2 protein chains.
Amino acid sequence: MTTLLQTAPSIAMIDAAAVRVAGHVRRTPLLRTPALDALAGRPVLIKAECLQHTGSFKYRGAKSAITALCEAGDVTGVVACSSGNHGQGIARAAAEAQLDAVIVLPADAPAAKIAAIRAYGAEIVTYDRQTGDRDALAAQICADRGFPLVLPFDDPFVIAGQAGVGLELVKQTAEIGVGNADVLVCCGGGGLSTGIALALERGAPGLRVRTVEPTGFDDTARALSGNPGPNAPGAKSICDAILTPAPGKLSLPVLSRLAGSGLTVTDAETLRAMALAFAHLRIVLEPGGAVALAAALSGQLVGTGPVIAVATGGNVDPGIFRKALDCLDD
Amino acid sequence: MTTLLQTAPSIAMIDAAAVRVAGHVRRTPLLRTPALDALAGRPVLIKAECLQHTGSFKYRGAKSAITALCEAGDVTGVVACSSGNHGQGIARAAAEAQLDAVIVLPADAPAAKIAAIRAYGAEIVTYDRQTGDRDALAAQICADRGFPLVLPFDDPFVIAGQAGVGLELVKQTAEIGVGNADVLVCCGGGGLSTGIALALERGAPGLRVRTVEPTGFDDTARALSGNPGPNAPGAKSICDAILTPAPGKLSLPVLSRLAGSGLTVTDAETLRAMALAFAHLRIVLEPGGAVALAAALSGQLVGTGPVIAVATGGNVDPGIFRKALDCLDD
């Protein structure tokens with residue numbers, strides 16, 4: 001797929017993806033609670049994408065890409081590289097289409113993510129995050145099996161699927177009369193923020209995407225501000241899902257045109273956001289899924305108007321979740 | 001209110017309650033995941049009422065009762081006795097109606113519940129669960145202030161509000177083609193199970209309510225089986241929300257007519273259900289909110305057809321949640 005189209009999806013592709021995934025993807029609720037409004041000093045609307053099938057938005061893009069592959073012709077399996085959530089999305093969507101799936105994962109991926117991928121029947125191949133060459137490994141598997149690679153973000157069909165979050169936000173914000181707001185979106189490669197930005201451009205032009213990254217992995221924020229370049233070597237974060245080295249090739253032009261300046265949050269702010277989501281929203285967020293809420297609560301945004309935070313995933317090991325709970329008084 | 005009508009609500013009252021609370025109560029999603037299906041050996045549908053405003057279904061009944069009070073005439077405040085969730089529902093609904101609220105709580109209620117009630121601006125009066133006389137205390141406050149008491153379950157307007165869960169289940173099960181199933185519902189006084197049973201009787205007669213209680217507090221199960229009587233003294237359970245001494249007066253006749261036999265689960269089964277909801281549904285359940293899912297996973301139900309578990313609340317202190325996480329491998 002990805003060798004054919006090297007641009008972000010058109011709005012027609014986004015609409016076509018929505019048709020393909022209808023009845024499969026779950027429309028996730030837009031939550032709000034007075035406690036978080038009070039902490040932020042403004043209305044905070046949380047798009048609870050942790051309630052999506054497989055526990056993250058990644059199923060949307062995976063379902064879009066795999067249904068497109070199946071429509072396009074003979075395919076018997078797929079390969080994907082993933083920190084865990086894209087792999088779960090691909091594994092589930094492949095199983096639904098009765099395709100084989102091979103997921104290439106870092107050996108230190110969260111145990112919950114590895115177990116879930118296995119439960120969907122996918123084959124798992126691991127590599128060392130420090131020393132391995134993930135892309136070479138995946139390319140070899142594709143060549144050996146004759147399966148296409150489904151990239152996690154630099155694939156227009158994947159981005160078109162993630163755009164579904166934006167299509168839902170268009171409707172959900174109209175229902176509650178919110179026409180102007182920043183939409184905070186976690187950003188690894190930028191596929192989700194790009195898809196949302198494209199959907200909002202047509203449907204809700206007063207809503208503006210702003211990417212959120214962990215401190216030390218703000219490659220997108222810097223690229224958007226005109227200072228691109230690699231992240232500092234040796235940076236660490238608990239946000240395993242969004243630790244990418246650079247913005248996606250398809251994403252950056254769209255985000256440069258449509259997104260506001262990028263935001264960053266510390267791991268401490270992220271753990272607190274996970275704790276507050278537990279206490280006040282009764283949802284489980286993983287670190288990468290909590291950065292947008294962390295940014296909404298961080299005090300960096302000016303004004304008192306509504307802000308929307310996309311809570312992108314909830315696949316977290318108990319050990320990290322216990323650390324988040326330590327932010328709360330018992 | 002409760003002195004005027006001493007029977008369960010009519011279906012007309014249930015429909016009227018639905019009109020009064022429309023636009024306030026959140027329609028909660030019906031979740032499903034392959035991992036829990038596999039554990040139960042059948043489709044398990046989870047009504048995620050922990051995502052309701054205030055973190056439990058209790059807001060439905062509270063909103064119904066308080067809007068009915070406001071329609072009926074002059075009222076400036078309300079009093080409620082609660083283990084914490086009914087109190088949160090009343091506190092929020094009272095604040096929305098600009099009424100005062102006084103909530104009578106056991107001194108050992110979960111800190112999260114006490115803090116949330118206070119955040120809604122309600123006044124809190126505590127009593128000792130072992131030695132205090134809650135009802136006398138509440139009656140005195142009502143007399144002193146001139147406020148009506150809103151009972152947690154033996155109030156037809158409250159039951160009519162809880163029935164909203166059943167009205168939503170009628171639509172949601174029709175959408176997915178489920179016409180026959182047990183609907184497992186946690187049971188303290190039985191207001192929720194009664195409301196759901198009445199809504200299903202009209203809209204989905206193939207769905208049958210079955211109450212779920214913690215071991216040692218199975219007063220409803222025994223009453224339904226023809227052996228009523230008090231629970232053994234000294235029984236303990238982590239399910240603080242549903243530790244009632246006897247079925248509600250309005251509930252028992254309805255449940256005797258419409259519900260199947262009652263189920264019980266151990267605290268260990270409840271903690272495991274909380275852990276599995278964390279891992280596979282990414283929702284936070286409190287012990288009392290997890291007993292129905294625990295029953296669905298317990299192996300006590302025959303057959304392989306779908307089962308519906310109402311996950312009624314998610315207001316839980318971190319300490320208990322950590323115990324649940326201990327059920328998972330890190």
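Below, chains carry the letters A, B, ... as their sequence lines are ordered, and counting in each starts from 1. Keep in mind it's a predicted model, so treat the numbers as computed, not measured.
- In this structure, chain A has a heavy atom under 4.5 Å from the backbone of B:Thr54, while its side chain stays farther away.
- Between A:Arg282 and B:Asn315, the closest side-chain pair of non-hydrogen atoms falls below 4.5 Å.
- Side-chain contact between B:Arg322 and A:Leu325: present, with at least one pair of heavy atoms (C-beta onward) separated by less than 4.5 Å.
- Heavy atoms of B:Leu281 lying under 4.5 Å from chain A belong exclusively to its backbone.
- Aromatic ring pairs are classed by plane angle as parallel below 30°, tilted from 30° to 60° and perpendicular above 60°; the pair A:Phe321 and B:Phe321 is tilted.
- The shortest heavy-atom contact between B:Tyr120 and A:Pro34 is CE2-CG, 3.8 Å.
- Heavy-atom contacts from other residues, nucleotides or ligands closer than 6.0 Å to CD of A:Glu175 number more than 12.
- Between B:Arg32 atom CZ and A:Arg26 atom CZ the span is 10.5 Å, to the nearest 0.5 Å.
- Looking at B:Arg92, only its side chain comes within 4.5 Å of chain A, counting heavy atoms on both sides.
- A heavy-atom distance below 4.5 Å is not found between the side chains of B:Val284 and A:Ile283.
- Using a 4.5 Å heavy-atom threshold, the side chains of A:Asp317 and B:Leu328 count as separate.
- Comparing A:Gly55, A:Ala35, A:Ala48, A:Pro29 by heavy-atom pairs within less than 4.5 Å of chain B, the highest count is held by A:Gly55.
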